[in-house]
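Heads up, the thing below is written out as structure tokens.
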Amino acid sequence: MRVEYINPFVETSFRVLQEVLGGADVKRGELYLKSTAMSVMGVAALVGLAGNAAGSVEGRVLFDMTKETALNIASAMNGETLPEFDELAKATISELANLITGQAVTKLHELGFKFDVTPPTLFVGEEMEIAALGGSTDSVEALIVPLITDCGKIEVNVAIRERT
């Protein structure tokens with residue numbers, strides 16, 4: 001996986017989180033690799049990336065966090081304490097994924113990488129595993145970028161490769 005694919009997501013995630021959390025302190029943890037089949041922490045927003053020509057990019061970006069972190073972020077973004085992870089909280093986390101992905105994709109398009117994105121799909125639950133079986137990213141390891149905020153930890157999980 002090329003660093004050119006990763007940096008826009010890392011930089012944009014960092015900046016957007018600072019903005020939507022009111023200038024909160026955001027720190028980057030140690031990067032690590034993980035297989036694409038993995039357990040999620042409780043709330044995961046998944047965005048697919050699909051290129052349709054040789055030389056284009058395909059894969060996915062996953063924003064993974066605990067339900068508590070997701071609720072804290074949704075509360076901060078809405079300017080009020082949300083008592084439960086309801087439809088408003090779900091929509092807010094999906095919008096966060098949209099904001100980050102949209103800005104990162106714009107940077108990647110400016111660098112000449114071409115692909116379409118899917119709307120975020122939100123997964124909520126305990127003991128879930130997301131696996132790419134027979135899909136385009138089944139042989140690609142994901143780079144995990146932990147971001148630590150006052151609201152909790154978010155893992156930006158990027159698995160992208162060039163389409164051949």
Is there side-chain contact between [X] and [Y], with heavy atoms separated by less than 4.5 Å?
{"X": "Ile160", "Y": "Phe113", "result": "no"}
{"X": "Asn157", "Y": "Arg60", "result": "yes"}
{"X": "Lys153", "Y": "Thr69", "result": "no"}
{"X": "Phe123", "Y": "Val43", "result": "no"}
{"X": "Leu33", "Y": "Leu143", "result": "yes"}
{"X": "Arg28", "Y": "Leu147", "result": "yes"}
{"X": "Thr101", "Y": "Val47", "result": "yes"}

What distance separates [X] [atom1] from [Y] [atom2], expressed to the nearest 0.5 Å?
{"X": "Asn98", "Y": "Thr92", "atom1": "CG", "atom2": "OG1", "answer": "11.5 Å"}
{"X": "Glu95", "Y": "Asn78", "atom1": "CD", "atom2": "CG", "answer": "10.5 Å"}
{"X": "Leu88", "Y": "Ile93", "atom1": "CG", "atom2": "CD1", "answer": "10.0 Å"}
{"X": "Ile6", "Y": "Leu31", "atom1": "CD1", "atom2": "CG", "answer": "9.0 Å"}
{"X": "Leu62", "Y": "Ile144", "atom1": "CG", "atom2": "CD1", "answer": "7.5 Å"}
{"X": "Phe85", "Y": "Thr66", "atom1": "CZ", "atom2": "OG1", "answer": "10.0 Å"}

#### Entry: Leu46-Met128 co-clustered via ILVMFWY side chain contacts under 4.5 Å
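Yes; tracing contacts between hydrophobic side chains, which count when under 4.5 Å, links both residues.
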### Message
With a 4.5 Å cut-off on side-chain heavy-atom distances among I, L, V, M, F, W and Y, is there a chain of contacts connecting Leu96 to Met41?
### Response
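No; Met41 is not reachable from Leu96 via cluster members.
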Atom [atom1] of [X]: over 12 foreign heavy atoms under 6.0 Å:
{"X": "Glu80", "atom1": "CD", "result": "yes"}
{"X": "Glu129", "atom1": "CD", "result": "yes"}
{"X": "Glu68", "atom1": "CD", "result": "no"}

### Task
Of all the heavy-atom pairs spanning Asp64 and Ala44, show the shortest one and how long it is.
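Taking every non-hydrogen atom into account, OD1-CB, 4.2 Å.
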### Query
So, Glu110 and Lys107, do they make that salt bridge, N to O below 4.0 Å?
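Between Lys107 and Glu110 there is no salt bridge, as every charged N stays at least 4.0 Å from the carboxylate O atoms.
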### Query
Of Val10, Ile154, Asn7, Val158, which meets side chain to side chain contact (heavy atoms under 4.5 Å, CB included) against Val145?
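Exactly one candidate clears the test, Val10.
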